[in-house]
Number of protein chains: 2
Amino acid sequence: MSEDDKARPTRDFGETRKRAAGQQTTIHDVARLAAVSIGTVSKALNRGGRLKPETRERVIAAAKQLSFRPNDLAQSLHRGHSLTVGLISKDNFGRFAMPIMEGLEECMADRSMAVFMCNATDDPERESHHVRSLLGKRVDGIVVTARRADRRPPLEVAASGPPVIYVFSQTDDPDALCLLPDDEGGSFMATEHLVKLGRRRIAHVTGPENFEAVQLRRRGYRAALQAAGLSAPDAHCLTGAWSEAWGRQALASLFDDADNAPDGIVCGNDQIARGIADGLRERGVDAPAAVSIVGFDNWQILAEATRPALTTIDMNLKELGREAGRRLMEMIAGASMKGVRRLPCSLIVRDSCGGRAKS
Amino acid sequence: MSEDDKARPTRDFGETRKRAAGQQTTIHDVARLAAVSIGTVSKALNRGGRLKPETRERVIAAAKQLSFRPNDLAQSLHRGHSLTVGLISKDNFGRFAMPIMEGLEECMADRSMAVFMCNATDDPERESHHVRSLLGKRVDGIVVTARRADRRPPLEVAASGPPVIYVFSQTDDPDALCLLPDDEGGSFMATEHLVKLGRRRIAHVTGPENFEAVQLRRRGYRAALQAAGLSAPDAHCLTGAWSEAWGRQALASLFDDADNAPDGIVCGNDQIARGIADGLRERGVDAPAAVSIVGFDNWQILAEATRPALTTIDMNLKELGREAGRRLMEMIAGASMKGVRRLPCSLIVRDSCGGRAKS
DNA sequence: GTGAAAGCGCTAACAA
DNA sequence: TTGTTAGCGCTTTCAC
């Protein structure tokens, strides 16, 4: 055979090619099998121009027989877009990032876009490494997310680079687009729910002061009280950790002055709510009969395990992820958007507030 | 200007190119600025052959000035590998998938590989769509994961396709490589811990029978008892849901026969353990003084919130993800591996078992 | 209706 | 030491 090989002029590109590209079938193989030119194959396989139906059939059959997958890399190189986007998470993939990722991935997959997953874990070095990598991969867009929705420095992407969108994360760059849950509205909704149930002494137990979400949720709580013509003493608005232990501790201080004990508690998150529910049971106070509790986050596994099962606010994070995907697609298509958009939360009613709210 | 444009022969490739590729700087731009050929640029930018240092400097400077990122797509097209892998999750990105993803991503990022994130959510249609997409993107390898480690049909990837590895997920294909936590060993370790603490009537409360993990963990529990010369009545080995409620319920049945109540409980997961801890407190039984509890999963937020904080088994999922990354890289490099490997779990000691184990 | 060929941005072999 | 060029696999005019 060596003789044959040597004799044959170096024209059998097919083989050379296959060896280099790792045994993948290429459009040339299909063309050869269908006995047409590669141009024709391309036309037949894509929603192509005029072509004799018979030829098209033949090409398609050949492609199937070789189980041919066109090489997206080559395609992208030519078309100038890669059909991929990057998802960068500044900190760990946490509990909150997960549904966002899910929503985003779902939205992108529906549009035949692939998502690169990048975790920067609070390390700016790592983050910019990821950004460079994504840029090298010519992603069509980038989504930035985080474990907590507070401000962060903008991503180092030139204006000429791909569009960037911040989800559950925000930045100071006034030209950036940030998508966030409506913490204030959610908290308003929670408080209003208690008001509608007839609660009048509504307290608020929430997380660390330095979270923007804490401030927003408190504002929502206050606004709802005000709207109902109610007010609350300072001692009824407690700031601490995002934990069950803090919930129990706060409850103790709320019930120290038994005469002024609240009949409703709006919690900063579900863990706090869980602590409060447990604390109440241990004090022999009946929830929801004597005290209504609302949580925040709708951390399902926790909310359902709490006794009574928590009525809580859902930030609709998955939908937030989907919306990010949709918007990013628009930006990729050329739309320019900026500013901060907040998506509505939902109230999930379970058992911790008592009888259904009167409309 | 139109005149100029028309007059000029179609030789100014640079401009044409830039327009098509979305304003990205190319190697040609760098070459022009540095006044060298593109071959030289390539050599200078990659760890390249012999080159006059001065020239190299000049090229690098030019590249920096234009903030040039080589197009990985083009590079991959030529080299025949894409420096990307795909991560397919059969079901949702759940609590277990998260650390695995983190570990994998970390490992890959360290090797300058990017990870595509694909979620199939129990939909075989969606899964094969994702596989096709990954194949089209010419990923160098694929990782399959799941919410639960039970068997699944193998991924539809031809033998000639990229290597596949199953993590926290397994398949019947005897040629596949599956990476799993050592459930049996973990449970053995948990039980042994109680034995060393002097517990003699050790019960086991676990999840649904149809989980492979349930069977393995039970086996580990039994083996540890046997190794210690202990035994347990059938009534001390309870199967139910993976929930707190089941934990409380099981506890009730365990303590119905007060004389035969256990002094140690090995739980199938942390939620069950939490239910048991709560149940114990509500019955006025002191844990860990009277009863030791061990959980499983080391779901940190839950384990720490439990009173007493749970001693539990950590499946080291992040490490599992890293290991998957390492192995996949070896497979990409040509190694062939198969079979089921189980990675060791760790015992995380907190407060729910009482005094430190001797030895 | 089909084929030929230029070219997407880059690398590597070969020339100079 | 540097430049030239033939591809990687695909799309897309433009001829025929």
Side-chain angles (χ1 to χ4, degrees), chain A residues 10-32 34-59 63 66 68-83 136-138, chain B residues 10-32 34-59 63 66 68-83 136-138:
Chain A
T10 63
R11 281 273 107 212
D12 191 3
F13 285 177
E15 288 319 295
T16 321
R17 208 175 285 119
K18 278 182 82 169
R19 220 174 309 123
Q23 325 313 31
Q24 291 281 5
T25 340
T26 76
I27 200 171
H28 290 89
D29 303 316
V30 179
R32 198 178 312 134
V36 292
S37 75
I38 58 168
T40 306
V41 174
S42 177
K43 225 177 293 179
L45 260 30
N46 307 327
R47 69 192 95 270
R50 269 136 282 283
L51 215 51
K52 195 154 66 181
E54 181 207 302
T55 318
R56 167 159 303 171
E57 301 281 312
R58 193 149 37 88
V59 171
L66 299 172
F68 167 69
R69 304 258 99 246
N71 185 331
D72 287 353
L73 268 42
Q75 220 164 294
S76 301
L77 184 58
H78 185 92
R79 302 222 233 241
H81 54 252
S82 60
L83 298 182
K137 296 255 178 322
R138 295 298 189 264
Chain B
T10 63
R11 280 273 106 213
D12 190 2
F13 286 175
E15 288 317 297
T16 321
R17 209 174 284 121
K18 277 182 80 169
R19 222 176 304 124
Q23 326 311 30
Q24 292 281 5
T25 339
T26 76
I27 201 172
H28 289 89
D29 303 316
V30 179
R32 199 177 311 136
V36 292
S37 75
I38 57 168
T40 306
V41 175
S42 177
K43 226 175 294 180
L45 259 31
N46 308 327
R47 66 190 97 271
R50 271 137 280 283
L51 216 52
K52 192 153 68 181
E54 182 205 303
T55 319
R56 169 159 300 175
E57 301 281 313
R58 193 149 36 89
V59 172
L66 298 173
F68 167 69
R69 302 260 103 243
N71 185 333
D72 288 351
L73 269 41
Q75 219 164 295
S76 302
L77 185 57
H78 185 92
R79 301 222 233 240
H81 54 250
S82 60
L83 297 183
K137 296 254 180 323
R138 295 296 187 267

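Residue numbering restarts at 1 for every chain, and letters A, B, ... go by the order of the sequence lines.
- Looking only at side-chain heavy atoms (C-beta outward), A:Arg138 and B:Arg69 come within less than 4.5 Å of each other.
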task: Go through the steps to decide whether A:Glu54 and A:Arg58 satisfy the test side-chain contact (heavy atoms from CB on, under 4.5 Å), and finish with yes or no.
output: CA-CA 6 Å; A:Glu54 181 207 302; A:Arg58 193 149 37 88; 4.2 Å; yes

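- Atom CG of B:Leu73 is separated from atom P of D:dG7 by 22 Å (rounded to the nearest Å).
- Of the candidates D:dC10, C:dT11, D:dT11, the closest approach to any side-chain atom of A:Ser42 belongs to D:dT11.
- A:His28 places its NE2 atom 12 Å from the C1' atom of D:dT11, with the value rounded to the nearest Å.
- In this structure, B:Asp29 atom CG and C:dC8 atom P are separated by 12 Å, rounded to whole Å.
- In this structure, A:Ile27 atom CD1 and C:dA4 atom P are separated by 14 Å, rounded to whole Å.
- Between A:His78 atom NE2 and C:dC10 atom C1' the separation is 16 Å, expressed in whole Å.
- Contact annotation: B:Asn46 side-chain N/O to C:dT11 OP1/OP2 distance is under 4.0 Å.
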- prompt: Taking it one step at a time, do B:Leu83 and B:Ser76 satisfy side-chain contact (heavy atoms from CB on, under 4.5 Å)?
  reply: CA-CA 8 Å; B:Leu83 297 183; B:Ser76 302; 5.5 Å; no

query: Is there a side-chain contact (heavy atoms from CB on, under 4.5 Å) between B:Asn71 and B:Thr26 once you walk through the steps?
result: CA-CA 8 Å; B:Asn71 185 333; B:Thr26 76; over 6 Å; no

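- Distance B:Arg138 CZ to D:dC8 C1': 12 Å, rounded to the nearest Å.
- Put simply, CG on B:Asp72 is 11 Å from C1' on C:dC10, counting in whole angstrom units.
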All N/O contacts under 3.5 Å from nucleotides 2-4 of chain D to the protein, with atom names and distances to one decimal?
| from | atom 1 | to | atom 2 | distance (Å) |
| --- | --- | --- | --- | --- |
| D:dT2 | OP1 | B:Thr55 | OG1 | 2.4 |
| D:dT2 | OP2 | B:Lys52 | N | 2.9 |
| D:dT2 | OP2 | B:Thr55 | OG1 | 3.0 |
| D:dG3 | OP2 | B:Ser37 | N | 2.8 |
| D:dG3 | OP2 | B:Ser37 | OG | 3.3 |
| D:dG3 | OP2 | B:Thr40 | OG1 | 2.7 |

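- Rounded to a whole Å, the CD atom of B:Gln75 is 15 Å from the C1' atom of C:dC8.
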- prompt: Would B:Phe68 and B:Asp29 count as a side-chain contact (heavy atoms from CB on, under 4.5 Å) if you check the C-alpha gap in whole Å, the side-chain angles of each, and the deciding distance to 0.1 Å?
  reply: CA-CA 9 Å; B:Phe68 167 69; B:Asp29 303 316; over 6 Å; no

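- When all heavy atoms of A:Val59 and A:Val36 are compared, the closest pair comes out as CG2-CG2, 3.9 Å.
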